[in-house]
There are 2 protein chains.
Amino acid sequence: MKQYDHPAPEEFQLAGILHALADPFRLSVVQKLMQKQPQACAPLQDGRPKSSISHHFAVLRKSGVLRTEVVGVTHMNSLRLQDMEARFPGLLAAILAAAEQGEMSAPQPA
Amino acid sequence: MKQYDHPAPEEFQLAGILHALADPFRLSVVQKLMQKQPQACAPLQDGRPKSSISHHFAVLRKSGVLRTEVVGVTHMNSLRLQDMEARFPGLLAAILAAAEQGEMSAPQPA
DNA sequence: CCATTAGTTCGACTATAATCGAACTAATCC
DNA sequence: GGATTAGTTCGATTATAGTCGAACTAATGG
């Protein structure tokens, strides 16, 4: 049951986080995790092949946005809300608030 | 004295803004504009060739982060603080606060 | 132990973005 | 009007990212 490496909060790079969240799919993953946490990768997959999903989760993980815990056969993802808040207070909240604003003017079909 | 196109606040894309600010040079431009506004491109140039600078300013302009006004022979840049605040309240402030946090742990020499 | 599930890793390909020199433009100054 | 200043645009090059199939791994369930 080998686990993943996660950066410590001191290692978080603002550029890495902004880059991670500048991708619409990755941002939507974060939004979905805000609503329900933790979640495995599979339900967030949105039709994409597994290798792409794996890549996007790795970007989010390496930036510090989320943590992945291997639980049996599934990989459970949770947002590192406390760590993010400790390192960059208010950042994630502001970005998620902005993401909701953004959806007002550009709603996407289910 | 032709001027530039600037997107209206409703057209701002969160992804575009995050992408614009995910670049260390561009973020530093924004930080410098926070300290002194408006400023021409030249003093922010940091040794890079003019064509690169022009590119980075264009990215910031198209994302909505700053406005460029042609004033005689110089192009004066200012942050679109009100527009940003109207569209994505608190976002820029949170990112700039995070950028200062970031500099705590990774200070760069003058 | 074999099949299944859930996801990773690899490698190739494509797409997007950054970099920079060179030629250009538009306003100012003499 | 020629020179200077400040920046743009173009085009080529390189670098970074995203995409996806195929083979792999690790845990679970029969």
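For clarity, every value in this text was computed on a predicted model and none was experimentally measured. Here is the naming used below: chain letters follow the sequence lines, and residue numbers restart at 1 for every chain.
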message = Expressed as a whole number of angstroms, how long is the span from M76(B):CE to dT28(C):P?
response = 14 Å
Protein N or O to nucleotides 9-12 of chain D N or O, pairs below 3.5 Å:
none

Sequence neighbours left out, cut at 3.5 Å: what donor-acceptor pairs do the side chains of residues 72-81 of chain B make with other protein atoms?
residue, atom, partner, partner atom, Å
T74(B), OG1, V71(B), O, 3.4
H75(B), ND1, Y4(B), OH, 3.1
N77(B), OD1, T68(B), OG1, 2.8
N77(B), ND2, Q39(B), O, 3.2
N77(B), ND2, H75(B), O, 3.4
R80(B), NE, D83(B), OD2, 3.0
R80(B), NH1, P7(B), O, 2.7
R80(B), NH2, P7(B), O, 2.9
R80(B), NH2, D83(B), OD2, 2.9

inquiry  = Just the rounded figure in Å: distance from P of dA26(D) to CD of Q3(A).
reply    = 13 Å
Whole-Å distance separating the NE2 atom of H75(A) from the C1' atom of dT5(C) = 11 Å
note = Taken to the nearest whole Å, CG/L44(B) to P/dG7(D) is 9 Å
task = In whole angstrom, give the distance that lies between atom NE2 of H56(A) and atom C1' of dA17(D).
result = 9 Å
Inter- and intrachain pairs under ring-ring contact (aromatic ring centres under 6.0 Å, His included), touching residues 28-50 of chain B, at least two apart = none
ask   = For E85(A), which residues count as a side chain to side chain contact (heavy atoms under 4.5 Å, CB included) partner, sequence neighbours excluded?
value = P89(A)
inquiry  = A side-chain contact here means heavy atoms from C-beta on lying under 4.5 Å apart; do V29(A) and D46(A) qualify?
reply    = no
request  = Rounded to the nearest angstrom, tell me the gap between atom NE2 in H19(A) and atom P in dT16(D).
outcome  = 12 Å
note = Considering only heavy side-chain atoms of T74(B), the closest of dG18(D), dG7(D), dG7(C) is dG7(D)
query = Which part of the nucleic acid does A58(B) contact within heavy-atom distance under 4.0 Å: base, sugar-phosphate only, or nothing?
reply = nothing
Residues that H55(B) engages under ring-ring contact (aromatic ring centres under 6.0 Å, His included), provided they are two or more places apart = none
ask   = Side-chain heavy atoms under 4.5 angstrom apart, residues restricted to Ile, Leu, Val, Met, Phe, Trp, Tyr: same cluster for F57(B) and V59(B)?
value = no
note = Across all chains, not counting sequence neighbours, the side-chain hydrogen bond (donor to acceptor under 3.5 Å, both in side chains) partners of Q31(B) are E103(B)
Between C1' of dG7(C) and CG of L60(A), the distance in whole Å = 15 Å
key: Whole-Å distance separating the CG atom of D5(A) from the P atom of dT8(C)   = 14 Å
task = Compare the minimum distances between each of dG18(D), dT8(C), dA27(D) and the side chain of V73(A), then state the nucleotide with the smallest one.
result = dA27(D)
inquiry  = So, does R26(A) get its side chain near the phosphate of dG18(D), meaning an N or O under 4.0 Å from OP1 or OP2?
reply    = yes
